[in-house]
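Since the structure comes first, as structure tokens, the remarks are kept for the end.
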Number of protein chains: 2
Amino acid sequence: MATGRTHRPASRSRGIPEATVARLPLYLRALTGLSERSVPTVSSEELAAAAGVNSAKLRKDFSYLGSYGTRGVGYDVEYLVYQISRELGLTQDWPVVIVGIGNLGAALANYGGFASRGFRVAALIDADPAMAGKPVAGIPVQHSDELEKIVSDNGVSIGVIATPAGAAQPVCDRLVAAGVTSILNFAPTVLTVPDGVDVRKVDLSIELQILAFHEQRKAGEEAAAAADGAHAAAAHRGDSAEQGPDGDVPAVMPA
Amino acid sequence: MATGRTHRPASRSRGIPEATVARLPLYLRALTGLSERSVPTVSSEELAAAAGVNSAKLRKDFSYLGSYGTRGVGYDVEYLVYQISRELGLTQDWPVVIVGIGNLGAALANYGGFASRGFRVAALIDADPAMAGKPVAGIPVQHSDELEKIVSDNGVSIGVIATPAGAAQPVCDRLVAAGVTSILNFAPTVLTVPDGVDVRKVDLSIELQILAFHEQRKAGEEAAAAADGAHAAAAHRGDSAEQGPDGDVPAVMPA
DNA sequence: ATGTCTTTGTGAACGCGTGCACAAAGATGG
DNA sequence: CCATCTTTGTGCACGCGTTCACAAAGACAT
């Protein structure tokens, strides 16, 4: 319900699928590269390869935006850059605040990808009084007390939370109360926000855990050829024998 | 047939859907919190709320792992923590290397979420000779020349790339050649890897761009609601005044 | 034991995203 | 102007993921 809502139920806004929106930045980056190399036009096949997706998918994605290609030729790079930028809302300047200037917050403040794409770091905010005034990435850190004033004075609608987990929800609440309606959360916590506020989560350890799963599976497949010893964990499972308990064990449970 | 390893059908391993795997870390985190508070059992409804998902989805996810719940009671927290950890492969210790010790790399090295979840930072690697030997998060940075030796000596199978975009692909190639089979990529580039290597991408600016899209859409809806009858004249927002909800585009087509 | 109550586990329906395959559209050359 | 060639745009089918709704399973009280 109110937690981490990422999808749009009443998405009749323009009918652009969420999956497509998530790929638009990918296309935009590839197109920017082509633009810098002064490539005039690009085919769906070439652009798809540069963006790392399927060409049919790319064409379908673009079809949601309109017919911006020329059959037999391809897409005009500059025109497409403009169209996607406009669609993503990057033709305007979005002021963002970063809350929590630890290692990660500092990394974000220094990250060049923001400024170059329509985002402007309006302020850095930290709860530690010792940080106040200290410049990070050329921007002086301000104390949390100023949060509400900063948000409203700068018309900030996008906030980035890079605080420890415990501080995330209170910071989130204050941001929302001050007028922020989109939040990028790096803290390992589930944020609860009112309706109408978008939250996206980036969780470093979750990504690693997903990799570990696949890694384990790969190791298990390899071990399929080799003999495996008995494992210790005594799983007391009620019934059935169908699915093997884990990836490296045959369906038959040795007694 | 045994070597047919194309994309990620993921079906044959155990039939755990990819979407479910991606949520397991979420459940695990919620369960860990309950465990620390000595909560013995939890219902699907409670756990789902803590993890920020639908309870039906959670039950279905768990059903892929087996029948670990007790009807009328719920799930045993400790038991479930163990089962999910084992499923994700977190009962073993995964050595990881972080390549590119800039702001982001340092943040990752300091991130506590790694060590606490079965991951161990085996080494920090950077191409800058001036960084060599300098300790970050208590670990001395080593020079890129040592990459292959570090990976093979430590049996590293998971690598984290936090380099600038230009260096990402070469670093990736070297990691893979040295034996790494899972890569977490923070550089804004599409990595090309051979079959059998998993890549997950975390892209900060893409997340922001997706937020900007929704933010723009929200602003457009508000404007449409305010100026009800007429098709919204996008206020003085700097961009060209044509992003009405209907989706028609200016006829100006640069050739 | 029996009945009631709670909560799981899952069959089934539905919607979304993906990829195929091809017709339409336009460029290009004769 | 016509034929051919290239590339887009999309109808369609399929599979995955989500959600509903409910029967089965067990706890608990009487």
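The figures here come from the full heavy-atom set of this structure, side chains too, leaving out hydrogens, waters and symmetry mates. Naming convention: chains lettered A, B, ... in sequence-line order (proteins, then strands); numbering from 1 in each chain.
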For this session: Measure from the ring center of B/Tyr75 to the ring center of B/Tyr68 and say whether it is less than 6.0 Å.
Result: no

Seminar exercise, completed: With sequence neighbours left out, the residues meeting side chain to side chain donor-acceptor pair (under 3.5 Å) with B/Gln92 are none

Problem set entry | Close residues, residues 32-46 of chain A, relative to DNA chain D [heavy-atom separation under 4.0 Å] | A/Ser43, A/Ser44

Length of the [atom1]-[atom2] vector between [X] and [N], whole Å:
X	N	atom1	atom2	value
A/Tyr27	D/dT8	OH	P	13 Å
A/Asn54	D/dC14	CG	P	18 Å
A/Tyr64	D/dG11	OH	C1'	12 Å
B/Leu80	C/dT8	CG	P	11 Å
A/Lys57	D/dC14	NZ	P	19 Å
A/Glu18	C/dT18	CD	P	12 Å
B/Leu58	C/dG9	CG	P	10 Å

For this session: Using salt bridge (Lys or Arg N to Asp or Glu O under 4.0 Å) as the criterion, list what pairs up with B/Arg200, not counting sequence neighbours.
Result: A/Glu207

Seminar exercise, completed: The salt bridge (Lys or Arg N to Asp or Glu O under 4.0 Å) partners of A/Asp93 (sequence neighbours excluded) come to A/Arg120

Exercise. Hey, is the side chain of B/Lys60 poking within less than 4.0 Å of OP1 or OP2 on C/dT10, counting only N and O atoms?
Worked result: no

Exercise. Tell me, for nucleotides 22-30 of chain C in 5' to 3' order, what letter each nucleotide earns: B for a base near a protein heavy atom under 4.0 Å, S for only sugar-phosphate near one, - for neither?
Worked result: --BB-S---

Exercise. Taking B/Ile183 as the fixed residue, which of B/Val160, B/Val176, B/Ile158, B/Asp198 is the one that meets the side chain to side chain contact (heavy atoms under 4.5 Å, CB included) rule?
Worked result: B/Val176

Exercise. Judged by atom type as modelled, is there a donor-acceptor pair below 3.5 Å linking the side chain of B/Ser85 to the main-chain atoms of B/Val81?
Worked result: yes

For this session: Just compare C/dA12, D/dA21, C/dT18 and give me whichever is closest to any side-chain atom of B/Ala56.
Result: D/dA21

Seminar exercise, completed: Picking from C/dG19, C/dG9, D/dG17, the nucleotide nearest the side-chain atoms of B/Ala19 would be D/dG17

For this session: For the residue pair A/Tyr79 and A/Gln83, confirm or rule out a side-chain donor-acceptor distance under 3.5 Å.
Result: yes

Exercise. Restricting to pairs with a member in residues 19-34 of chain B, which pass salt bridge (Lys or Arg N to Asp or Glu O under 4.0 Å), not counting sequence neighbours?
Worked result: A/Asp203-B/Arg29, B/Arg23-B/Asp61

Exercise. Is B/Tyr75 touching bases, backbone alone, or none of the nucleic acid, heavy atoms closer than 4.0 Å?
Worked result: sugar-phosphate

For this session: Answer yes or no: is there a side-chain heavy-atom contact under 4.5 Å between A/Leu26 and B/Ile206?
Result: yes

Seminar exercise, completed: Judged by nearest nucleotide, the residue sitting upstream toward the 5' end of DNA chain D, A/Asp61 or B/Arg23, is A/Asp61

